[in-house]
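Positions are given from 1, in the same order as the sequence printed here. Predicted model, so just to flag it, every value in this text is computed and none were measured.
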Amino acid sequence: MKGAAQFFLDTLVADTNLPAPANLVTCPSLSPENKNPASKNTSITAGPTMDLEILRDLFANCIRASEILDVDKKFREQVAATRAKLAPLQIGSSGQLQEWLQDLDLQSHDLHHRHVSHLYGLYPSAQIDVNTTPELAAAVKKSLEIRGDQATGWATAWRFNLWARLHDGDHAFSILEFLLSPARTYPDMFDAHPPFQIDGNFGGASGIAEMLLQSQNNVIQLLPALPKVWPNGSVKGLRARGGFEVDLAWQNGKLTSVAVRSYAGNPCQLRYGQTTKSFKAKKGQEILWDGKADSEMKLIDRVF
């Protein structure tokens, strides 16, 4: 991570068309496989949205690693200062999250391009969140509506995960149905993008998990995108970021029980609907809760 961060500290440039100081971009670069209408139908561009989103994660992770290891304080400060100067995400005139620095999305030669690289900030990253950055989340939704639901195997799976992160379980489920249809899945269950794309299989499994459990920014969200067609059910052994394992059960579309096992002793928050519960379980302890706002969580010592 340090080497990658050093490379970009040396190669980022200021785009004078953007207001300082938040105007650092990668250049030259591209937005994967999608042609920039302003570049004579080539992919070459400056500061594509995906680059800026990935760099924010790279720099944030590098800073955090430096803090954990208690090393490279001056380098950490340099990375933090540079991260603050990266060009911001842009919302276009149609309400979409812009793929490029310029508002060109609707001028694209292929409005339904399979790549949704500029939506990385929502998934797999967590820079965009329906609860903490609702305007950007709405812009992602608009971009998805423009692009459409059907794409190649892996790109369909990416859309599946994105709609789950937007907490729209019914829309996510409709994409899952397409992903599992003969158009996208062979009889042997391999993803149908000749000869096949394992990304579609892995992405499909990920999307199902994201419908039932999400864990970003130290919050574990329970049943965030449960579709109406799954009114009753249970799942065991889902892993959440921060060293947690979660079992869930629900009836009539409502959470009835959750068990959270802590493998690292990290603090966390549980969120279900509009209710948020904070907890600090020690390593080896289990949290039990029935999902009701007025119910207390129970803490149990376990051996696991």
Side-chain angles (χ1 to χ4, degrees), residues 1-92 96-105 107-110 113-129 132-133 135-136 139-140 143 147 154-155 158 161-162 199 216-217 241:
M1 285 194 297
K2 182 178 180 180
Q6 287 172 322
F7 174 83
F8 287 105
L9 290 178
D10 287 343
T11 57
L12 285 167
V13 297
D15 186 327
T16 55
N17 293 313
L18 298 173
N23 62 359
L24 290 183
V25 299
T26 53
C27 186
S29 188
L30 55 83
S31 193
E33 295 188 32
N34 199 9
K35 295 178 180 178
N36 182 349
S39 301
K40 296 181 180 180
N41 279 334
T42 68
S43 297
I44 302 301
T45 189
T49 296
M50 189 186 199
D51 278 13
L52 299 169
E53 292 170 324
I54 290 176
L55 285 184
R56 283 190 175 86
D57 274 352
L58 170 65
F59 287 168
N61 291 337
C62 203
I63 292 166
R64 184 64 183 131
S66 169
E67 292 171 341
I68 291 171
L69 298 172
D70 194 22
V71 297
D72 293 332
K73 182 179 179 182
K74 289 185 178 180
F75 177 72
R76 180 198 316 160
E77 293 171 349
Q78 182 185 10
V79 171
T82 302
R83 187 179 188 273
K85 295 178 181 179
L86 291 173
L89 301 181
Q90 310 276 349
I91 297 177
Q96 86 284 4
L97 187 70
Q98 291 180 193
E99 184 167 359
W100 301 280
L101 290 175
Q102 306 95 337
D103 189 358
L104 301 169
D105 298 72
Q107 300 176 37
S108 173
H109 77 291
D110 183 4
H113 196 278
R114 65 194 180 282
H115 285 262
V116 287
S117 305
H118 56 307
L119 309 185
Y120 165 93
L122 176 68
Y123 180 88
S125 183
Q127 297 168 41
I128 300 173
D129 184 280
T132 58
T133 59
E135 292 184 358
L136 289 174
V140 169
S143 290
R147 287 295 172 89
W154 69 267
W158 197 348
N161 282 270
L162 286 164
D199 316 49
Q216 300 92 246
N217 304 317
R241 291 174 177 86

Practice task
Using atom types as modelled and distance alone, determine if a side-chain donor or acceptor of Arg83 lies under 3.5 Å from a backbone N or O of Phe59.
Solution key: no
Handout entry: Any donor-acceptor pair under 3.5 Å from Gln102 side chain to Leu104 backbone
Key = no
Handout entry: Counterpart residues, ring-ring contact (aromatic ring centres under 6.0 Å, His included), relative to His115 (two or more places apart)
Key = His113, Trp154
Exercise for the section: Quick one: pull up OG in Ser143 and CD in Glu99 and give me the separation to the nearest 0.5 Å. Expected result: 8.5 Å
Fill in the blank from the handout: Value for CG (Asp57) from CE (Met1), rounded to nearest 0.5 Å, stands at 11.0 Å
Exercise for the section: Give a yes or no on whether the backbone of Ile128 and the side-chain of Thr132 come within a donor-acceptor separation of less than 3.5 Å. Expected result: no
Practice task
Not counting sequence neighbours, which residues clear side chain to side chain contact (heavy atoms under 4.5 Å, CB included) with Val71? List them please.
Solution key: Leu69
Exercise for the section: Taking all heavy atoms of Trp100 and all of Lys35, pick out the closest pair and write down the distance. Expected result: CZ2-O, 3.4 Å
Handout entry: All pairs passing salt bridge (Lys or Arg N to Asp or Glu O under 4.0 Å) where residues 62-71 contributes a residue, at least two apart
Key = Arg64-Glu67
Problem - Gap separating the SG atom of Cys62 from the CZ atom of Phe8, nearest 0.5 angstrom - result: 12.0 Å
Practice task
Using side chain to side chain contact (heavy atoms under 4.5 Å, CB included) as the criterion, list what pairs up with Lys73, not counting sequence neighbours.
Solution key: Arg76, Glu77
Problem - Test item: side-chain donor near acceptor, Gln90 and Asp103, under 3.5 Å - result: no
All N/O donor-acceptor pairs, side-chain side in residues 21-29, below 3.5 Å, sequence neighbours left out:
unit_1: Thr26; atom_1: OG1; unit_2: Asp51; atom_2: OD2; d: 2.6
unit_1: Ser29; atom_1: OG; unit_2: Asp51; atom_2: OD2; d: 2.5

Exercise for the section: Indicate the atoms forming the closest heavy-atom contact of Met50 with Tyr120, along with that distance. Expected result: CG-CB, 4.3 Å
Exercise for the section: Return the set of residues passing side chain to side chain contact (heavy atoms under 4.5 Å, CB included) with Leu30 (not counting sequence neighbours), or none when no residue passes. Expected result: Pro32, Ser43
Exercise for the section: Test side-chain contact (heavy atoms from CB on, under 4.5 Å) on Leu86 and Leu12 and set out the steps. Expected result: CA-CA 9 Å; Leu86 291 173; Leu12 285 167; 3.9 Å; yes
Practice task
Starting at CG of Asn61, measure out to OG of Ser66 and round the result to the nearest 0.5 Å.
Solution key: 12.5 Å
Exercise for the section: Taking the side chain as every heavy atom from C-beta outward, state whether Tyr123 and Leu119 have any atom pair closer than 4.5 Å. Expected result: no
Practice task
Output the distance between atom CD (Gln127) and atom CG (Leu136), rounded to the nearest 0.5 Å.
Solution key: 9.5 Å
Problem - Flag side-chain contact, heavy atom, 4.5 Å: Arg114 against Trp158 - result: no
Exercise for the section: Output yes when a side-chain donor or acceptor of Thr49 lies under 3.5 Å from a complementary backbone atom of Gln98, and no otherwise. Expected result: yes
Handout entry: CD (Glu135) with more than 12 external heavy atoms under 6.0 Å
Key = no
Fill in the blank from the handout: When rounded to the nearest 0.5 Å, the distance separating CD of Glu53 from CG of Leu122 is 9.0 Å
Practice task
Mind listing the closest non-hydrogen atom pair of Gly47 and Leu101 along with its distance?
Solution key: O-CG, 3.4 Å
Exercise for the section: Please test Asn36 against Ser31 for side-chain contact (heavy atoms from CB on, under 4.5 Å), starting from the C-alpha separation and ending with a verdict. Expected result: CA-CA 8 Å; Asn36 182 349; Ser31 193; over 6 Å; no
Completion exercise
Closest non-hydrogen atoms of Leu97 and Asp105, given as atom of the first, atom of the second and distance, are O-OD2, 3.8 Å
